[in-house]
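Worksheet: the structure to be examined is printed underneath.
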Amino acid sequence: MPRVRFAPSPTGYLHIGSARTFIFNWLYARRHKGTMILRIDDTDIERNTEESLNSIYEGLGWLELGWDEFYRQSERLELHRKMALAIFEKGLAYRDFTPAQADLEEKEHSEGPWLFNPGMRDMPREESDRRAAAGEPFVLRFRVPRESPATVRFVDAVYGEQTKSTADIEDFALLRSNGMPTYHMASCADDIDLRISHIIRGQDHLSNTFKHLLIFEAAGVEPPQFAHLPLLIAPDGAKLSKRKHGPVVSVTTYRDAGFLPHAYVNFLCLLGWSPKDNREQMSRQELIDAFSFEGINRSNAVVNFKEDDPIDPKALWLNSQHLRTMPVDELAPYVRRTLEEAGLPIPYTEQEFLQTIDVIRTRFSTLRDFVTRGRAYFSDEFPIEPTALEKLNQPGARELLRELGERLEASNEFTEQSVEFELRKLAEERGVKAGLIINAARAVLTGQPVGPSAFAVFVAIGRNRAIQRLRAA
RNA sequence: GGCGCUAUCGUCUAAGGGUUAGGACGGAGCCCUCUCAAGGCUCAAAUACGGGUUCGAAUCCCGUUAGCGCUACCA
């Protein structure tokens, strides 16, 4: 039974890249009847915010993604320290009393890589103990093997065999001078303690993995399997960032744009992964059944947004596909919530509501469309768009609509067929093209120049309201 | 600078020694039509560059270039 985890640090809102990482972990867990763990990596007390934690819950909640176990690293600090100390006692870590460096500039321009601070790595234990006892602050560093340079290796489920010489790995920190564990220490300690079997995370951690392997080895445990994911990047090739790319990176943007949660999950899955059989629109179960590490790509994927439009056209298309093809009764709750949030009434019985949704969704691509382009189906107060007005202002159109209203009122029937019959009969009698009345009717009924078949619109709007709007033309 | 990863249409991707390099989004056009979508049909659009290996390379190897990641007492 695999045990996987998604381990975000609560330092900003839920990033779409993080959401995708969660999804891939979740898919793997569901596929193999494993356990999905949400672990909040909040060891950086300076940067953590409660707000950010809430946005993670909010984002995952919106995407309808759940987890089986939950942990917060800040509540497990004792475990992290204990493991760090155990490594220290084995002689595989040492105290570094060098004060924290404020000037990073110098280091960046140096020729070779920094590996360790001279004098600290080889300090006799007695001196180290004495200075620590005297209260001098220190960081605990991992003692990377240097005497006989070894090669650290592992097989990544996505990137294949990876190797790195210990000569290229610096003596990284395990414990900060304030006693807090670093990311590397906390992460590995928890992965060990929580018996994580597969670490599925962003490719930005690929080179960190060598350090983690050293920690696992020092702790005397078998490392888990690793699967690194290609990154999500901007059209200019840069890493997606809040500062540079704004709303594109936040999942709330897609929620607010009227995306269906599953459609967005589907879209995210297609960024860096493929079922390899040309399928694109897939249900949640289909995604679970098709997911495998073999399908994951190795190159970064571009989120195709523009400066004036944060939505990737393919995401929008996928959303419209789901919106138009999913069972209406599954779609209805989303539409209901969207209407409620916009303060629009639902003047329909449940049955009528489903029928109306089914008619109008054929031209919609987001939930937002129900309250904008679809406003007239729910409220009697709606604007008539300029292009719709042109059709309504065709010579004789308004008179014909009023006449049609009277005839429909006089008729017992009110179906697509009966409306079409009356309308065409009127057109013929008055010697005008049916299209003139049809387009004018759509305009007066919906305020829109375009939309579903006009006869379906009559029925969706309902007899009384339709007649009322025609007579007021 | 050092180390690592990556490179197929504008974008997401398929093909992993032999295909006219396939699909999808987006774009263009045609059909359908009460409008607009949808749908159907068609078109334009790619193997970063240079060397090898091979009868044959998008695919394997080397180099170059470019991008990204790591190189913190961030994660």
Contact pattern, 5' to 3', of nucleotides 9-14 of chain B - B, S or - by protein heavy atom under 4.0 Å: --SBSS
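Looking at heavy-atom distances under 4.0 Å, A/A454 makes contact with a base. Within 4.0 Å (heavy atoms only), A/N208 reaches at least one base atom of the nucleic acid. Within the nucleic acid shown, A/H228 has no heavy atom closer than 4.0 Å to any nucleic acid atom. No engagement by A/E46 is indicated, since no non-hydrogen atom pair under 4.0 Å with the nucleic acid exists. Counting any heavy atom pair closer than 4.0 Å across all strands shown, A/F455 reaches a base atom. Looking at heavy-atom distances under 4.0 Å, A/K239 makes contact with sugar-phosphate atoms alone, never a base. Residue contacts for A/R47: at a heavy-atom cut-off of 4.0 Å it reaches a base atom on one of the strands shown.
Residues satisfying the salt bridge (charged side-chain N to carboxylate O under 4.0 Å, His left out) test with A/E330, not counting sequence neighbours, are none. For A/E75, there are no side chain to side chain donor-acceptor pair (under 3.5 Å) partners at least two apart in sequence or on another chain. Every residue meeting the salt bridge (charged side-chain N to carboxylate O under 4.0 Å, His left out) condition with A/R76, not counting sequence neighbours, appears here in chain and number order: A/D190, A/D193.
With C1' as the reference atom, B/A28 and B/U19 are 27 Å apart, rounded to whole Å. One C1' atom belongs to B/U6, the other to B/A58, and the distance between them is 15 Å to the nearest Å. Using atom P as the reference point in both B/A14 and B/G22, the two lie 15 Å apart (nearest Å). To the nearest whole angstrom, the two P atoms, one in B/G23 and one in B/A46, are 14 Å apart. Taking atom P in both B/C25 and B/U42, the straight-line distance is 14 Å, to the nearest Å. Atom P of B/C5 sits at a distance of 22 Å from the matching atom of B/C9, rounded to the whole Å. Annotation: B/C70 and B/A38 have their P atoms spaced 41 Å apart (nearest Å).
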For nucleotides 60-65 of chain B, tabulate all protein N/O to nucleotide N/O atom pairs closer than 3.5 Å, reporting atom names and distance.
none

N/O contacts under 3.5 Å, protein versus nucleotides 36-39 of chain B?
{"residue": "B/C36", "atom": "O2", "partner": "A/R363", "partner atom": "NH1", "Å": "2.7"}
{"residue": "B/C36", "atom": "O2", "partner": "A/G451", "partner atom": "O", "Å": "3.3"}
{"residue": "B/C36", "atom": "N3", "partner": "A/R363", "partner atom": "NH1", "Å": "2.1"}
{"residue": "B/C36", "atom": "N4", "partner": "A/R363", "partner atom": "NH1", "Å": "3.4"}
{"residue": "B/A37", "atom": "O2'", "partner": "A/R324", "partner atom": "NH2", "Å": "3.4"}
{"residue": "B/A37", "atom": "N1", "partner": "A/R363", "partner atom": "NH2", "Å": "3.4"}
{"residue": "B/A37", "atom": "N3", "partner": "A/R363", "partner atom": "NE", "Å": "3.3"}

Nucleotides 27-29 of chain B: which of its N/O atoms have a protein N/O under 3.5 Å away?
none

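A donor-acceptor pair shorter than 3.5 Å cannot be found between the side chains of A/S365 and A/R373.
Screening residues 157-180 of chain A for salt bridge (charged side-chain N to carboxylate O under 4.0 Å, His left out), with sequence neighbours left out, gives A/R121-A/D171, A/R146-A/D171, A/R153-A/E161, A/E170-A/K211. Sequence neighbours left out, not one pair with a member in residues 9-19 of chain A passes side chain to side chain donor-acceptor pair (under 3.5 Å).
Within the shown strands, B/C31 is the pairing partner of B/G39 under the Watson-Crick or G-U definition, both distances less than 3.5 Å. Base-pair partner of B/A58: not found among the strands shown (Watson-Crick or G-U wobble, both distances under 3.5 Å). With a cut-off of 3.5 Å on both Watson-Crick or G-U wobble distances, the partner of B/U8 is given as none.
Remark on RNA chain B: of its neighbouring residues A/G435 and A/P99, the 5'-side contact belongs to A/G435, judged by nearest-heavy-atom nucleotide.
No side-chain heavy atom of A/F226 sits less than 4.5 Å from a side-chain heavy atom of A/Q162.
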Throw together a table of side-chain donor-acceptor distances under 3.5 angstrom for residues 395-402 of chain A, partners on residues two or more places apart or in other chains.
{"residue": "A/R398", "atom": "NE", "partner": "A/N393", "partner atom": "OD1", "Å": "3.3"}
{"residue": "A/R398", "atom": "NH2", "partner": "A/N393", "partner atom": "OD1", "Å": "2.8"}
{"residue": "A/R402", "atom": "NH1", "partner": "A/A473", "partner atom": "O", "Å": "2.4"}

Could you go through residues 296-305 of chain A and list every donor-acceptor pair under 3.5 Å that involves a side-chain atom there, pairing it with any protein atom two or more places apart or in another chain?
{"residue": "A/R298", "atom": "NH1", "partner": "A/V158", "partner atom": "O", "Å": "3.1"}
{"residue": "A/N300", "atom": "OD1", "partner": "A/L231", "partner atom": "N", "Å": "2.9"}

Can you give me every donor-acceptor pair (side chain of residues 382-392 of chain A, partner residue at least two apart or in another chain, under 3.5 Å) with its distance?
{"residue": "A/E385", "atom": "OE2", "partner": "A/Q448", "partner atom": "NE2", "Å": "3.3"}
{"residue": "A/K391", "atom": "NZ", "partner": "A/P449", "partner atom": "O", "Å": "3.4"}

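In terms of phosphate contacts, A/T43 brings a side-chain nitrogen or oxygen within less than 4.0 Å of OP1 or OP2 of B/A75.
Salt-bridge check for A/R407 with A/E403: passed, with a basic side-chain N closer than 4.0 Å to an acidic carboxylate O. Electrostatic pairing of A/R279 and A/D277 counts as a salt bridge here, judged by a charged N lying under 4.0 Å from a carboxylate O.
For A/H205 and A/Y183, the ring centers are positioned less than 6.0 Å apart.
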